[in-house]
Amino acid sequence: AELQLMHGGLNEALLAAQRAERINPNSAQAKTVLGFAYLIQLQFESAAIAFDSAAHLDPAAPLPRLGLGLVKIRQGDLPGGRAQIEIATSLDPRNSLLRSYVGKAYYEENRGKLAGEQFAQAKELDPKDPTPWLYDALLKQAQNRPVEALQDLQHSIELNDNRAVYR
């Protein structure tokens, strides 16, 4: 289910995650993948239920907390979402992607200094991840630093093999 979701096979991933959940209702991983599949489909309530269940089954897993945070943010609860992503980051502090997302939440809360610190840590943790470069470009643009923003955006594109989504 996870591989199918990563490769864009949403329907196949959803069916495989539902099947995995039926086989083992106590699988936090199956519920996490199911949550992300529901999130992609914008089924926020179903996603929240799956992520919450996964977080209770495996309290040390960061991805269900990230998922819960994203759901809360999409539903308009930025502080609640940020808090969940902070928990995810505390569970896996060396994860570049989590640092990028907590930084983005700080950016959305107009906490530019904290956001910049998270993006810097994310870049250091995984220099090949385009995500912190993209989010840092948005932060720098908002701070009226267009040259630095453009440089970061270009670097993000280079790291992402020039896929159009980052243009």
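FYI, side chains are in, hydrogens and waters are out, and symmetry mates aren't considered; it's all heavy atoms of this structure.
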Gap between atom [atom2] of [Y] and atom [atom1] of [X] - 0.5 Å precision:
X	Y	atom1	atom2	value
Leu10	Leu15	CG	CG	9.5 Å
His155	Ile157	NE2	CD1	11.5 Å
Leu68	Ile73	CG	CD1	11.0 Å
Thr131	Arg99	OG1	CZ	15.0 Å
Asp52	Lys31	CG	NZ	10.5 Å
Gln121	Leu98	CD	CG	12.0 Å

Practice item. Check the pair Leu134, Asn160 against side-chain contact (heavy atoms from CB on, under 4.5 Å), reporting the backbone distance first and the verdict last. Key: CA-CA 10 Å; Leu134 173 65; Asn160 205 40; over 6 Å; no

Taking every non-hydrogen atom, the tightest pair across [X] and [Y]:
X	Y	result
Ala16	Gln4	CB-OE1, 3.6 Å
Asp129	Ser96	OD2-OG, 3.3 Å
Val71	Ala48	CG1-CB, 4.0 Å
Trp133	Pro127	NE1-O, 4.0 Å
Asp92	Pro62	CB-CG, 3.9 Å
Ser100	Ala122	OG-CB, 3.6 Å

Point to revise | Full working for side-chain contact (heavy atoms from CB on, under 4.5 Å) between Gln118 and Leu114 | key: CA-CA 6 Å; Gln118 294 301 314; Leu114 283 174; 5.6 Å; no

Let me check something: do [X] and [Y] share a hydrophobic cluster, defined by ILVMFWY side-chain heavy atoms less than 4.5 Å apart, either directly or through other members?
X	Y	result
Leu78	Val102	yes
Leu34	Leu5	no
Ile40	Val33	yes
Leu153	Leu139	yes
Met6	Leu14	no

Check your understanding: Quick check: does any side chain N or O of Ser27 sit under 3.5 Å from a backbone N or O of Glu21, one acting as donor and the other as acceptor?
Key ->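 Side chain of Ser27 to backbone of Glu21, a donor-acceptor pair under 3.5 Å: no, none is there.
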
Point to revise | With sequence neighbours excluded, residues passing salt bridge (charged side-chain N to carboxylate O under 4.0 Å, His left out) with Arg145 | key: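 Once residues adjacent in sequence are excluded, the partners of Arg145 under the salt bridge (charged side-chain N to carboxylate O under 4.0 Å, His left out) criterion are Glu148.
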
Review point. Side chain to side chain contact (heavy atoms under 4.5 Å, CB included) with Lys104: which residues, sequence neighbours excluded?
Key: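 By the side chain to side chain contact (heavy atoms under 4.5 Å, CB included) rule, Lys104 matches Glu108, Tyr135.
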
Point to revise | Pairs flagged by side chain to side chain donor-acceptor pair (under 3.5 Å) wherever residues 66-81 is involved - sequence neighbours left out | key: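 For residues 66-81, and leaving out neighbouring residues, the side chain to side chain donor-acceptor pair (under 3.5 Å) pairs sorted by first residue read Glu45-Gln75.
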
Review point. For residues 81-91, which residue pairs qualify under side chain to side chain donor-acceptor pair (under 3.5 Å), counting only residues two or more places apart or in two chains?
Key: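 Only Arg65-Gln84, Arg82-Glu86, Arg82-Glu109, Glu86-Tyr106 qualify under side chain to side chain donor-acceptor pair (under 3.5 Å).
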
Exercise for review: Please collect all ring pair (Phe, Tyr, Trp, His ring centres under 6.0 Å) contacts where either partner lies in residues 47-97, sequence neighbours excluded, each pair once.
Suggested key: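 For residues 47-97: Phe36-Phe51.
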
Point to revise | Electrostatic pair Asp152-Lys123, nearest N-O below 4.0 angstrom | key: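 Salt bridge between Asp152 and Lys123, a charged N being under 4.0 Å from a carboxylate O: yes.
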
Check your understanding: Which ILVMFWY residues are connected to Ile49, directly or by a chain of links, through side-chain heavy atoms under 4.5 Å apart?
Key ->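 When side chains under 4.5 Å apart are linked, Ile49 ends up in no cluster with other residues.
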
**Study point:** Worked verdict on Gln41 versus Asn11 for side-chain contact (heavy atoms from CB on, under 4.5 Å)
**Key:** CA-CA 10 Å; Gln41 291 183 327; Asn11 291 332; 4.2 Å; yes

